[in-house]
Amino acid sequence: MLQQLFSKLGRRRSSKDVAKERLKLVLIHDRANVSPQFLEMVKGEIIKVIRNYMEIDEEALDIQLTKTVSEEGEGIVPALIANIPIKSVKSSGRSL
Amino acid sequence: MGEVIVITSGKGGVGKTTTAANLGTGLSLLGKKVVLVDTDIGLRNLDVVMGLENRIVYDLVDAVEGTCRLKQALIKDKRFDGLYLLPAAQTRDKNSITPEQMVKLCEDLSEEYDYIIIDCPAGIEQGFKNAIAGADRAVVITTPEVSAVRDADRIIGLLEANEIKNPALIVNRVRPDMVKKGDMMSIEDIIDILAIQLVGVVPDDENIIISTNRGEPAVSENKSMAGQAYRNITRRILGEDVPFMDLAGQGNFIAKVKKLFGFRSA
């Protein structure tokens with residue numbers, strides 16, 4: 001019976017690993033929220049790069065930190081989701 | 001010119017006041033001139049932890065408002081040479097003083113003292129802003145719990161936003177027996193997450209409660225584990241390179257006996 005108990009305990013992930021993983025996730029959000037400039041900086045850089053290839057609606061650009069289900073099935077992972085409306089693609093962006 | 005060190009944590013009850021008391025006392029035992037400043041206005045406790053509650057006449061707000069001279073508000077600790085306490089006001093609130101007044105106070109105190117140890121209130125509101133206003137450096141306290149580590153991370157961000165760079169970390173109430181079992185985050189786990197420099201690890205020690213009961217800081221008790229940890233922290237604060245204590249195998253005796261007989265300790 002004791003052995004059964006031990007094997008059961010063994011299969012469960014240690015609670016400190018659970019704690020660490022939960023903390024890492026929650027801190028990604030907390031840290032982004034501490035500096036409101038953070039997302040603005042990311043946004044600015046993204047616009048700079050994309051502008052080289054296409055004309056986008058900068059006013060309507062929406063970017064946020066969120067959570068999503070991992071494709072590898074490892075549970076919830078943080079994700080940066082950007083919604084960037086395109087007005088037109090520059091000719092230099094077309095395939096040669 | 002003295003140095004102003006703020007002891008902060010975000011979360012309440014993780015050991016800010018105990019740390020302030022022990023660090024201040026530890027520094028005075030090493031011959032430094034120290035003043036402990038309790039900025040937790042309305043919820044003062046550094047006085048009782050230090051056992052100086054019966055000697056308060058004037059307080060921080062009196063000194064800042066000019067009701068008394070700064071010297072009159074400082075309580076000299078007769079047990080430890082060079083140690084003084086500036087108690088918080090108990091019947092006022094956090095808005096009774098401003099960050100500008102704190103900056104001035106810290107400047108005045110650092111003319112006379114080697115170290116000014118500021119005990120910060122919990123939270124991130126006015127009391128926190130007052131406490132960090134005049135600080136040169138910061139010590140962040142956490143415990144190995146998700147709530148405390150999360151709040152410590154927030155505090156680290158706010159300290160950096162306020163130009164207090166490179167805060168040092170103390171992990172308090174570590175239980176080596178639980179860490180060993182994988183039921184408590186280790187020091188490495190916490191450092192990995194917070195990414196700041198470690199200045200001390202304090203084991204969960206019932207001597208802290210006993211010394212608080214008596215109003216005698218544990219740092220002056222030779223046989224206390226936590227006291228030893230605080231003595232090490234004091235020397236690291238002074239810039240000495242002190243090896244970290246080996247906490248493994250120091251779980252309390254009863255827990256060990258219980259484990260031997262297959263009980264799970266509560």
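Within every chain, numbering begins at 1; the chains are lettered A, B, ... in the order of the sequence lines, protein sequences first and strands thereafter.
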Can you tell me if [X] has over 12 outside heavy atoms packed within less than 6.0 Å of its [atom1]?
| X | atom1 | value |
| --- | --- | --- |
| B:I210 | CD1 | yes |
| B:D136 | CG | yes |
| B:K165 | NZ | yes |

- [ ] Find the one option among B:G182, B:S147, B:P144 whose heavy-atom pairs under 4.5 Å with chain A are most numerous.
- [x]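 Heavy-atom pair counts peak at B:G182.
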Distance, nearest 0.5 Å, that separates CD1 of B:I193 from CD of A:E21:
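Between B:I193 CD1 and A:E21 CD, I get 10.5 Å after rounding to 0.5 Å.
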field: Contacting moiety of B:M184, where chain A heavy atoms sit under 4.5 Å
entry: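 Only the backbone of B:M184 comes within 4.5 Å of chain A.
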Subject >> Exercise: identify the closest heavy-atom pair between A:S15 and B:D183 >> reply: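 Taking A:S15 first and B:D183 second, the nearest heavy atoms are OG-OD1, 2.8 Å.
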Worksheet item: So which heavy atom on B:M185 is nearest to which on A:K16, and how close?
Response: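 The pair with the smallest heavy-atom distance is N-CB, 3.7 Å.
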| request: Run the salt-bridge test on B:D153 and A:R31 with the 4.0 Å N-O cut-off and return the result as yes or no. | output: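 Looking at A:R31 together with B:D153, the answer is yes, because their closest N to O distance falls below 4.0 Å.
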